[in-house]
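Right, one structure below, let's go through it.
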Amino acid sequence: MSLHQALLILHLFSVAVVMGVGISNLISFRVQRKLEGEAAKGVAKAREATLIYSDIFVMVLVAAGLGLLWQRGGAGGLNAWFHVKMAAVAVWLACFVAMRIFIARFLHNQDAALMPRIKLLAHVAITGAMVALVSAVLAFAG
């Protein structure tokens with residue numbers, strides 16, 4: 001297996017994990033709204049338990065992506081879809097980092113006023129990730 005293949009596998013696997021965790025967390029916000037007491041706490045704890053996985057795989061995703069970009073010698077010669085992808089990645093990553101900062105504050109202070117910001121950032125982040133995914137397919141499909 002070449003380094004390129006290994007980086008591509010890591011990159012695609014990380015995309016799958018990060019997207020899966022992100023979408024499942026958005027679904028759990030909706031599910032939790034209809035629950036009370038211990039059930040609602042259980043859903044929140046399940047969401048909290050996935051934080052470490054999203055953190056790890058976001059770092060792997062970015063590192064593998066940078067490795068792939070470095071291997072090809074930069075973004076020169078890539079089509080407009082690639083640049084749309086990179087802009088969407090920037091939006092996703094900025095929202096992800098901001099969201100994690102607010103989540104850390106929420107977990108430390110239990111300040112429920114932070115939840116609307118966290119939810120908004122989660123929605124923008126997953127939208128950015130979806131745009132990046134679609135743009136990546138269009139950039140490298142043909």
Are [X] and [Y] linked, directly or through other ILVMFWY residues, by side chains that come within less than 4.5 angstrom of each other?
X: Leu133; Y: Val91; value: no
X: Val43; Y: Ile27; value: yes
X: Leu8; Y: Val60; value: no
X: Met99; Y: Leu107; value: yes
X: Phe82; Y: Leu7; value: no

Side-chain donor/acceptor of [X] to backbone N/O of [Y], under 3.5 Å:
X: Gln5; Y: Ser2; answer: yes
X: Gln32; Y: Ala40; answer: yes
X: Asn79; Y: Trp81; answer: yes
X: Arg30; Y: Lys34; answer: no

What's the spacing between [X] [atom1] and [Y] [atom2] if we round to 0.5 Å?
X: Leu26; Y: Ser28; atom1: CG; atom2: OG; value: 7.5 Å
X: Met19; Y: Ser54; atom1: CE; atom2: OG; value: 13.0 Å
X: Arg47; Y: Phe29; atom1: CZ; atom2: CZ; value: 4.5 Å
X: Leu78; Y: Lys85; atom1: CG; atom2: NZ; value: 9.5 Å
X: Ile103; Y: Ile118; atom1: CD1; atom2: CD1; value: 5.0 Å
X: His11; Y: Leu66; atom1: NE2; atom2: CG; value: 9.0 Å

Using a cut-off of 6.0 Å, state whether more than 12 heavy atoms not belonging to Gln110 lie near its atom CD.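 Counting other residues, nucleotides and ligands, CD of Gln110 exceeds 12 neighbours.
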Kindly determine whether Asn109 and Leu114 satisfy side-chain contact (heavy atoms from CB on, under 4.5 Å), including the steps that lead there. CA-CA 10 Å; Asn109 301 330; Leu114 294 171; 5.5 Å; no
Suppose we screen for ring-ring contact (aromatic ring centres under 6.0 Å, His included). Which residues come up paired with Phe13, at least two apart in sequence or across chains?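 Expected list: Phe57.
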Option from Thr127, Leu120, Leu121 for which side chain to side chain contact (heavy atoms under 4.5 Å, CB included) with Val124 holds: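 Single pass found, and it is Leu120.
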Applying side chain to side chain contact (heavy atoms under 4.5 Å, CB included) between Val134 and each of Val137, Val131, Leu138, report the one that passes.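 The passing option is Leu138.
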Not counting sequence neighbours, list each pair that qualifies as a side chain to side chain donor-acceptor pair (under 3.5 Å) and has a residue in residues 97-107.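 As it turns out, the side chain to side chain donor-acceptor pair (under 3.5 Å) pairs with a partner in residues 97-107, which skip direct neighbours, are Asp55-Arg100.
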Ala132 versus Val89, closest heavy-atom pair with distance: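 Residues Ala132 and Val89, closest heavy atoms: CB-CG2, 3.8 Å.
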When you look at Trp92 and Val58, which way does the side-chain contact (heavy atoms from CB on, under 4.5 Å) test go after all the steps? CA-CA 10 Å; Trp92 161 72; Val58 162; 3.7 Å; yes
Pairs meeting criterion ring-ring contact (aromatic ring centres under 6.0 Å, His included) with involvement of residues 97-116, two or more places apart: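 Sorted pair list comes back empty.
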